[in-house]
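Counting convention: from 1, in listed order, for ligands and their atoms alike.
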Amino acid sequence: MREYAADWEALKTADPQVAEAIANELDRERSQLRLIASENYTSPAVLAALGSTMSNKYAEGYPGRRYYGGCEFVDVTEQLAIDRAKQLFGAEHANVQPHAGAQANMAVFGAFLTPNEPGEKVLGMVLSHGGHLTHGSPVNVSGMWFNFVGYEVDGETEQLDMDRIRDMALAERPKIILSGYTAYPREIDFAAFREIADEVGALLWVDASHFIGLVAGGAYPSPVPYADVVTFTTHKALRGPRGAMIVCKQEHAKAIDKAVFPMMQGGPLEHCIAAKAVALKEAMEPEFKEYAQRVVRSARALAAGLGDEGLRVVSGGTDSHLVLADCRPLGITGRDAEKACEEVGIALNKNSIPFDPNPPSTPSGIRVGTPGPATLGMDEAEMREVAGIMGDVLRSPDDVGVKEKARERVLDLMRRFPAYP
Ligand SMILES: *Cc1c(COP(=O)(O)O)cnc(C)c1O
């Protein structure tokens with residue numbers, strides 16, 4: 001059999017318990033509305049590459065420079081992924097091996113920082129305003145071994161204030177300035193970040209995990225021309241397999257490659273890398289531009305709809321795929337909002353809002369995103385419908401009748417826009 005990837009029948013026979021759980025997960029994905037801003041539906045072609053025998057291959061090193069024999073075919077797919085990443089993002093260098101976003105970020109630390117060296121500061125956003133776990137959280141290696149100092153969003157606009165960030169950079173003299181977040185809905189002025197970095201002699205690192213898919217589709221500004229190094233996951237708006245990549249200026253290529261392997265990782269996941277190559281090819285198609293625009297357009301419709309339902313939209317709107325909404329006007333916490341929505345088949349997550357008076361376990365807000373729904377073909381009209389359903393449920397989270405009706409409306413929506421039909 002020359003042509004072979006995943007074999008469902010073989011799995012069902014060999015391990016019915018695992019097969020059953022996987023089938024149930026697919027059912028869940030078909031019946032629950034995916035508003036989690038960091039999730040998506042990857043294509044059957046990507047899934048086929050993931051389920052291929054390239055999982056079997058050891059390939060420590062890089063294409064043409066491996067520590068194992070028999071790498072001629074994984075060299076093909078890894079080189080395709082590298083070339084496509086460089087072309088799609090206009091990058092000088094690409095490393096497609098990081099197993100996940102956290103590992104890509106670790107490689108940045110490995111390339112540029114010394115552990116436990118308080119003089120080497122990283123200026124990033126405070127976590128409570130949208131920074132990621134790997135941007136200096138005390139429970140993560142980033143915060144345990146490296147010295148992060150944090151900027152906040154402006155209290156009035158709830159948006160970045162570049163003058164204050166510049167003041168902090170001048171006062172703190174960081175080695176690295178970090179932009180790119182997990183819960184920031186607006187455009188980021190990467191040119192302004194570059195100017196500040198140049199003024200204080202810092203490297204500019206952008207963690208583009210959340211919005212890189214929008215960059216690929218031309219629906220969000222690209223950090224690549226401005227940043228020394230850009231890390232990003234491949235499984236969020238980019239709609240590829242679970243994993244990550246790094247693109248950087250040529251001058252940092254060696255340092256980044258050495259930090260990914262052998263410093264932080266061993267053998268690369270060549271089946272994932274093949275799947276990344278497939279996803280990048282898909283992201284270069286004209287349809288992906290339409291997709292990225294639909295993501296942003298429908299997120300704006302969702303933001304407006306949630307505002308009409310009485311939630312307070314943080315920063316007043318969105319320029320991206322995600323919306324952060326303050327649930328307090330409806331008298332419900334983010335935690336209870338998440339639970340009520342889950343009960344009617346809408347998956348989203350509770351989220352702190354900037355300057356949240358409530359603790360992270362019961363934050364004031366929720367975060368919703370449209371990369372998933374837009375993949376299914378949903379657009380502005382559907383997101384207005386979803387906002388209406390959410391409004392009904394969040395105003396009456398204990399009303400069984402309201403929730404039953406909402407559940408039926410969500411199921412109807414999922415039947416009209418099926419996942420993996
Ligand atoms: C998702 C995300 C990551 C981490 O990605 P994992 O693949 O979960 O390790 C890192 N940074 C940002 C900004 C993210 O949104």
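- Considering only heavy atoms from C-beta on, R294 stays 4.5 Å or farther from K289 through its side chain.
- Between the side chains of Q293 and R297, no donor-acceptor pair of N or O atoms lies under 3.5 Å.
- A donor and an acceptor atom, one from each side chain of Y181 and S179, are located under 3.5 Å apart.
- With sequence neighbours excluded, the residues satisfying side-chain hydrogen bond (donor to acceptor under 3.5 Å, both in side chains) with N358 are S364.
- Side chain to side chain, E120 and T114 meet the donor-acceptor criterion of an N or O pair below 3.5 Å.
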Present, as a list of atom pairs with distances to 0.1 Å, all nitrogen or oxygen contacts under 3.5 Å between ligand 1 and the protein.
{"residue": "ligand 1", "atom": "7 (O)", "partner": "G101", "partner atom": "N", "Å": "2.9"}
{"residue": "ligand 1", "atom": "9 (O)", "partner": "G101", "partner atom": "N", "Å": "3.3"}
{"residue": "ligand 1", "atom": "9 (O)", "partner": "A102", "partner atom": "N", "Å": "2.8"}
{"residue": "ligand 1", "atom": "11 (N)", "partner": "D207", "partner atom": "OD1", "Å": "3.4"}
{"residue": "ligand 1", "atom": "11 (N)", "partner": "D207", "partner atom": "OD2", "Å": "2.5"}
{"residue": "ligand 1", "atom": "15 (O)", "partner": "K236", "partner atom": "NZ", "Å": "2.7"}

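- Heavy-atom neighbours of E156 CD from other residues, nucleotides or ligands within 6.0 Å: at or below the threshold of 12.
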